[in-house]
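Every number for a ligand or one of its atoms is a count from 1 in the order of the listing. The structure presented is a predicted model; accordingly, all values stated were derived computationally and were not measured.
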Amino acid sequence: MNLHDVLNRAIENNRKWCSKGNVATYIPELSKANPCALGVSLCTWDGKIITAGDCDTPFTLQSISKICSLILALQDNGREKVFSKVGMEPTGDPFNSIVKLETLEPSPPLNPMINAGAIAVTSLIKGSDVDERLERLLTLIRAMADNNQIDVDWEVYTSERETGNRNRAMAYFLKDIGIIDGQVEEALDLYFKQCAIKITCQDLARMGLTLATQGIGPCGEIIIDPAIAKLAKTFMVTCGMYNASGEFAIRVGIPAKSGVSGSILAAVPHRMGIGVIGPSLDKKGNSIAGVHLLEELSREMKLSIF
Ligand code: GLN
């Protein structure tokens with residue numbers, strides 16, 4: 001089987017879905033993305049990158065960054081501390097939902113992949129100020145992607161900081177109930193910056209491979225503790241595609257994490273990493289063509305872990 005052909009065919013077959021969704025507009029800068037774009041990169045076990053479609057367009061990590069902040073928070077604090085601030089259960093609610101924070105008792109956010117849980121996790125990252133914490137997060141992401149050029153897209157960051165009132169509301173609520181210990185504005189600032197980190201499909205594919213290998217980076221060094229890499233992938237299966245994670249597990253069956261930029265990071269254990277971009281989103285905020293494309297790749301290459 002020629003992987004180039006498989007990827008090219010998957011792009012051709014699934015581009016039609018782009019017109020069935022919409023680009024995110026609630027972060028104004030994201031509305032500039034091309035709704036017709038669709039690209040995929042695959043990083044095989046030996047580190048080889050294969051790409052198809054619109055792969056050179058950069059985009060921001062958005063919710064995919066939640067995986068990286070979780071890894072760093074776990075490395076910094078250990079499981080006990082992190083999971084005293086955030087739960088381990090899927091929600092069935094949209095990623096930016098606020099409702100369960102007050103109606104459930106006890107009230108830590110249900111998991112680290114919804115916005116409330118991710119902001120709580122980000123507040124646990126160690127460093128003397130936001131700049132140092134961001135630099136530590138960038139160091140992890142650059143190592144996972146084997147790309148020292150990765151940095152924040154300042155336009156997207158500013159756009160989200162200026163409009164992120166729902167996230168701000170959640171963060172202040174979390175401060176009020178004792179989930180965030182430090183400065184709320186610092187936690188939010190780091191969260192907005194991590195969401196605005198700019199990458200490409202190739203970066204995502206390498207990051208996926210790092211998770212697929214249980215934490216060994218593209219150059220063979222240990223980047224993530226294997227137990228933490230395993231835990232991150234487990235959250236990807238149960239909560240990575242928001243409240244569509246159950247359907248995604250059935251249709252695709254690969255640990256994955258999506259972001260509202262239309263990006264998807266997928267890690268096929270012991271086989272490969274996959275990065276997808278397709279800014280047109282379905283109703284739940286996942287790349288509409290990207291999910292269909294991964295479904296085809298999973299079927300063609302027998303990638304389901306189940
Ligand atoms: N930055 C986005 C937000 O906080 C991330 C959400 C997402 O990608 N689903 O709203």
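The part of Asn167 lying near ligand 1 is the side chain, judged by heavy-atom distances below 4.0 Å. Only the side chain of Glu160 comes within contact range of ligand 1, with a heavy atom under 4.0 Å; no backbone atom does. The part of Asn115 lying near ligand 1 is the side chain, judged by heavy-atom distances below 4.0 Å.
In the candidate list Tyr191, Tyr26, Phe95, Tyr26 is nearest to atom 10 (O) of ligand 1, counting heavy atoms.
Taking every non-hydrogen atom of Ser63 and a distance limit under 4.0 Å, the qualifying atoms of ligand 1 come out as 5 (C), 6 (C), 7 (C), 8 (O), 9 (N). The atoms of ligand 1 that sit less than 4.0 Å from any heavy atom of Gly259 are 8 (O). Heavy-atom contacts of Tyr242 reach the following atoms of ligand 1: 7 (C), 8 (O), 9 (N) (cutoff under 4.0 Å). When each atom of ligand 1 is checked for a heavy atom of Cys195 under 4.0 Å away, the hits are 1 (N).
A donor-acceptor pair shorter than 3.5 Å cannot be found between the side chains of Tyr242 and Asn96.
The protein non-hydrogen atom at the shortest distance from atom 2 (C) of ligand 1 is Gln62 OE1, 3.2 Å.
Within the 4.0 Å heavy-atom shell around ligand 1 one does not find Phe192.
Under the 4.0 Å criterion applied to side-chain N and carboxylate O atoms, Glu12 and Arg15 are not assigned as salt-bridge partners. The residues Lys81 and Asp76 are annotated as not salt-bridged, no charged nitrogen and carboxylate oxygen being separated by less than 4.0 angstrom. Electrostatic pairing of Glu185 and Lys175 does not count as a salt bridge here, judged by no charged N lying under 4.0 Å from a carboxylate O.
Taken from OH in Tyr191 to CG in Leu134, the straight-line distance is 14.5 Å, to the nearest 0.5 Å.
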